[in-house]
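Start at 1 with the first residue, then count along the sequence.
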Amino acid sequence: QVQLVESGGGLVQAGGSLRLSCTASGTGETPVPIMGWFRQAPGKARELVAIGTRYGGAEYGDSLKVRFAISRDNSGNTVFLQMDSLKPEDTGMYYCNAVIDSRAYWGKGTQVTVSS
């Protein structure tokens with residue numbers, strides 16, 4: 001069973017930073033080809049934050065690239081999301097995503113709350 005476990009969420013003030021991490025297990029493949037992050041705020045649809053390959057290529061949600069950065073550890077089974085200059089509108093549940101053999105897997109999410 002593929003499992004994705006996120007950590008690093010929390011409560012921060014506007015302008016602060018958080019570093020999220022997500023580790024995949026039970027994948028049967030190392031490194032995981034594609035891993036990334038989505039988020040969902042109350043009353044809004046789930047949206048792309050950042051997603052990338054093992055080798056650094058990445059796509060970011062609109063306007064997020066200037067503040068967020070996605071990266072992978074050397075094993076290829078952990079993905080990080082560095083979030084700087086956080087804004088209240090960044091508040092939401094952040095979900096780790098992995099794509100293996102064209103199938104998407106999701107973590108349970110980690111809450112990010114940014115106070116004004």
Side-chain angles (χ1 to χ4, degrees):
Q1 295 290 329
V2 174
Q3 294 185 356
L4 306 178
V5 179
E6 305 104 327
S7 64
L11 173 64
V12 298
Q13 291 184 311
S17 298
L18 285 173
R19 184 174 175 84
L20 307 183
S21 65
C22 170
T23 298
S25 62
T27 63
E29 182 177 357
T30 301
V32 179
I34 300 172
M35 296 186 76
W37 298 88
F38 291 71
R39 70 184 183 187
Q40 187 169 21
K44 295 184 178 180
R46 186 173 298 188
E47 64 179 353
L48 171 70
V49 177
I51 191 164
T53 71
R54 170 68 176 84
Y55 302 102
E59 296 287 340
Y60 290 83
D62 189 33
S63 79
L64 296 181
K65 188 174 182 179
V66 296
R67 298 187 294 116
F68 293 3
I70 189 171
S71 62
R72 203 84 77 85
D73 75 341
N74 289 334
S75 74
N77 69 348
T78 297
V79 64
F80 304 98
L81 182 69
Q82 179 67 41
M83 303 187 293
D84 297 321
S85 301
L86 284 163
K87 304 175 181 179
E89 52 263 44
D90 294 318
T91 293
M93 185 70 72
Y94 284 66
Y95 297 92
C96 180
N97 167 260
V99 180
I100 304 170
D101 296 329
S102 300
R103 181 176 177 180
Y105 298 87
W106 297 91
K108 294 182 178 180
T110 184
Q111 180 67 38
V112 171
T113 302
V114 184
S115 62
S116 60

**Asked** Cluster question for you: counting only ILVMFWY and a side-chain heavy-atom cut-off of under 4.5 Å, with indirect links fine, are V49 and V12 together?
**Response**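 In one cluster with V49: V12, yes.
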
**Message:** Please say yes or no: joined through hydrophobic side-chain contacts below 4.5 Å, possibly via intermediate residues, are M93 and L4 part of one cluster?
**Reply:** no

**Message:** Taking ring pair (Phe, Tyr, Trp, His ring centres under 6.0 Å) as the cut-off, I'd like each qualifying pair that reaches into residues 87-116, sequence neighbours left out, listed once.
**Reply:** F38-W106

**Request:** Answer yes if the side chains of T113 and T91 hold a donor-acceptor pair under 3.5 Å, and no otherwise.
**Result:**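 On atom types as modelled, these side chains do not qualify, holding no pair under 3.5 Å.
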
Side chains of [X] and [Y], heavy atoms from C-beta outward: is any pair under 4.5 Å?
X: T110; Y: L20; value: yes
X: M83; Y: V112; value: yes
X: M35; Y: I70; value: no

[atom1]/[X] to [atom2]/[Y] distance, rounded to the nearest 0.5 angstrom?
X: I51; Y: N97; atom1: CD1; atom2: CG; value: 4.5 Å
X: S116; Y: K87; atom1: OG; atom2: NZ; value: 14.0 Å
X: K108; Y: Q3; atom1: NZ; atom2: CD; value: 8.0 Å
X: D90; Y: L64; atom1: CG; atom2: CG; value: 7.0 Å
X: W37; Y: S21; atom1: CH2; atom2: OG; value: 6.0 Å
X: E89; Y: K44; atom1: CD; atom2: NZ; value: 7.5 Å

**Message:** Does anything in residues 47-64 form a side-chain hydrogen bond (donor to acceptor under 3.5 Å, both in side chains)? List the pairs, not counting sequence neighbours.
**Reply:**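 Checked against side-chain hydrogen bond (donor to acceptor under 3.5 Å, both in side chains) - neighbours excluded - the pairs reaching residues 47-64 are R39-E47.
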
**Request:** Any chance you could pull the hydrophobic cluster mates of L11, using side-chain heavy atoms under 4.5 angstrom and chaining through other members?
**Result:** none

**Item:** Closest non-hydrogen atom pair between V32 and A98, with its separation
**Value:**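 Here V32 and A98 meet closest at CG1-CB, 4.0 Å.
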
